[in-house]
Colleague: 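If you scroll down you'll find the structure; I have some questions about it.
We count residues from 1, following the sequence as given.
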Amino acid sequence: MMENKISKQKVSFTHKNISELHQKTQNWISEINFIKIEQNFLRELIGSHILELCNTNSAFNEAKFLLKGIDHEDKLGHELIKSIDIHKMNLALLIENIYLKKEDEFRKDHTELKNEVINYIQNFKYIKKQVFELVLKIMKKEKQKKMLTK
């Protein structure tokens, strides 16, 4: 039996491809920096307003758990930005033809970073959803209390 083999054609990096990758890395950094602002907002929301409303131990523990999650993601964001900056610097050197690292390595690094950024964003969205659900639950309880006391 004859096997049909389709050879993979490798698309070589061009200045345009590298510039596009460089722009994508810049977009990742912008996205992570925006998430950092959101993290600060959520941290402040929980720390300043929610803890005083948490009447139950479970809500208080949930708030503490979410704060730890936000802090953990914040640290991961810093590490991710450092990795992206290194990748971006290598791409800039490649644009200038100064650094001739293997293309496969660049593609692999870029794909790994892309996956890490996607994972980071998904994890943060999950935490943000949990914070909003907690806030909503507490707000509803407070509203019920006010209605009962009237």
Colleague: Under 4.5 Å between side-chain heavy atoms, hopping through other hydrophobics if needed: is there a path connecting Phe41 to Val135?
Modeller: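 Yes, because Phe41 and Val135 connect within a single hydrophobic cluster, where side-chain heavy atoms sit under 4.5 Å apart.
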Colleague: Let me confirm one number: the CD-CD distance from Gln26 to Gln23, rounded to the nearest 0.5 Å.
Modeller: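 It is 6.5 Å, given to the nearest 0.5 Å.
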Colleague: How close do Ile127 and Leu66 get, heavy atom to heavy atom, and via which atoms?
Modeller: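 The pair with the smallest heavy-atom distance is O-CD2, 4.2 Å.
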Colleague: Please list, chain by chain and in numerical order, all residues satisfying salt bridge (charged side-chain N to carboxylate O under 4.0 Å, His left out) with Lys24, sequence neighbours excluded.
Modeller: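 Lys24 satisfies salt bridge (charged side-chain N to carboxylate O under 4.0 Å, His left out) with no other residue.
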Colleague: Quick one: are the ring centres of Trp28 and His110 less than 6.0 Å apart?
Modeller: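 Yes; His110 has its ring centre under 6.0 Å from that of Trp28.
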Colleague: Is the number of heavy atoms from other residues, nucleotides or ligands within 6.0 Å of NZ (Lys114) greater than 12?
Modeller: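 Open: at most 12 neighbouring heavy atoms sit under 6.0 Å from NZ of Lys114.
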Colleague: Return the NE2 to OG distance between His78 and Ser83, rounded to the nearest 0.5 Å.
Modeller: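 Going from NE2 on His78 over to OG on Ser83, the span is 13.0 Å.
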Colleague: Test your reading of the model: is there a side-chain donor-acceptor pair from Lys36 to the backbone of Asp74, 3.5 Å cut-off?
Modeller: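 Confirmed, Lys36 side chain pairs with Asp74 backbone.
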Colleague: Rounded to the nearest 0.5 Å, how far apart are CG of Asn40 and CG of Leu45?
Modeller: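 So the gap between those two atoms works out to 12.5 Å.
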Colleague: Same cluster for Phe132 and Ile70 if Ile/Leu/Val/Met/Phe/Trp/Tyr side chains link at under 4.5 Å?
Modeller: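 Same cluster: Phe132 reaches Ile70 through Ile, Leu, Val, Met, Phe, Trp or Tyr contacts under 4.5 Å.
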Colleague: Mind checking salt bridge (charged side-chain N to carboxylate O under 4.0 Å, His left out) for Glu38 and listing every partner two or more places apart, or none if nothing turns up?
Modeller: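 With sequence neighbours excluded, Glu38 shows a salt bridge (charged side-chain N to carboxylate O under 4.0 Å, His left out) to Lys128, given in chain and number order.
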Colleague: Transitively linked via ILVMFWY side-chain contacts under 4.5 Å: Tyr126 with Ile35?
Modeller: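 Cluster IDs for Tyr126 and Ile35 differ.
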Colleague: If you measure from NE2 on His87 to CD on Glu112, what distance do you get to the nearest 0.5 Å?
Modeller: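 His87 NE2 to Glu112 CD: 10.0 Å, rounded to 0.5 Å.
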Colleague: Are Ile32 and Ile86 connected into the same hydrophobic cluster when the rule is that any two of I, L, V, M, F, W, Y join if their side-chain heavy atoms are below 4.5 Å apart?
Modeller: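 No, it is not one cluster - the side chains of Ile86 and Ile32 are not joined through contacts under 4.5 Å.
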Colleague: Working to the nearest 0.5 angstrom, can you tell me the gap between Lys146 NZ and Leu148 CG?
Modeller: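 These two atoms lie 12.5 Å from each other.
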Colleague: Under a 3.5 Å distance rule, please check whether Asn119 uses its side chain to pair with a backbone N or O of Asn115 as donor and acceptor.
Modeller: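 No; judged by distance alone, with no hydrogens or angles, the pair does not exist.
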Colleague: Does the distance from a Lys or Arg side-chain N to an Asp or Glu carboxylate O, for Lys75 and Glu79, drop under 4.0 Å?
Modeller: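 A salt bridge is absent here (no side-chain N lies under 4.0 Å from a carboxylate O).
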Colleague: The test is side chain to side chain contact (heavy atoms under 4.5 Å, CB included); show your working for Thr25 and Leu113 and say whether it passes.
Modeller: CA-CA 9 Å; Thr25 59; Leu113 282 171; 5.6 Å; no
Colleague: So, do Leu67 and Leu42 sit near enough that their side-chain heavy atoms are less than 4.5 Å apart?
Modeller: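 SC-SC contact between Leu67 and Leu42 ruled out.
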Colleague: Tell me, please, which residues at least two apart from His22 pass ring pair (Phe, Tyr, Trp, His ring centres under 6.0 Å).
Modeller: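 Not a single residue meets the ring pair (Phe, Tyr, Trp, His ring centres under 6.0 Å) criterion with His22.
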Colleague: For Lys137, check side-chain contact (heavy atoms from CB on, under 4.5 Å) against everything at least two apart and list the hits.
Modeller: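 Once residues adjacent in sequence are excluded, the partners of Lys137 under the side-chain contact (heavy atoms from CB on, under 4.5 Å) criterion are Glu62, Leu134, Lys141.
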Colleague: Kindly say whether Leu80 contributes a backbone atom to a donor-acceptor pair with the side chain of Tyr120 at under 3.5 angstrom?
Modeller: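 Checking the backbone N and O of Leu80 against the side chain of Tyr120, no donor-acceptor pair under 3.5 Å is found.
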Colleague: With Glu31, which residues qualify under salt bridge (charged side-chain N to carboxylate O under 4.0 Å, His left out), at least two apart?
Modeller: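 Here no residue qualifies.
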Colleague: Tell me every residue that passes salt bridge (charged side-chain N to carboxylate O under 4.0 Å, His left out) with Asp71, counting only those two or more places apart in sequence or in another chain.
Modeller: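 For Asp71, the residues satisfying salt bridge (charged side-chain N to carboxylate O under 4.0 Å, His left out) (neighbours in sequence not counted) are Arg43.
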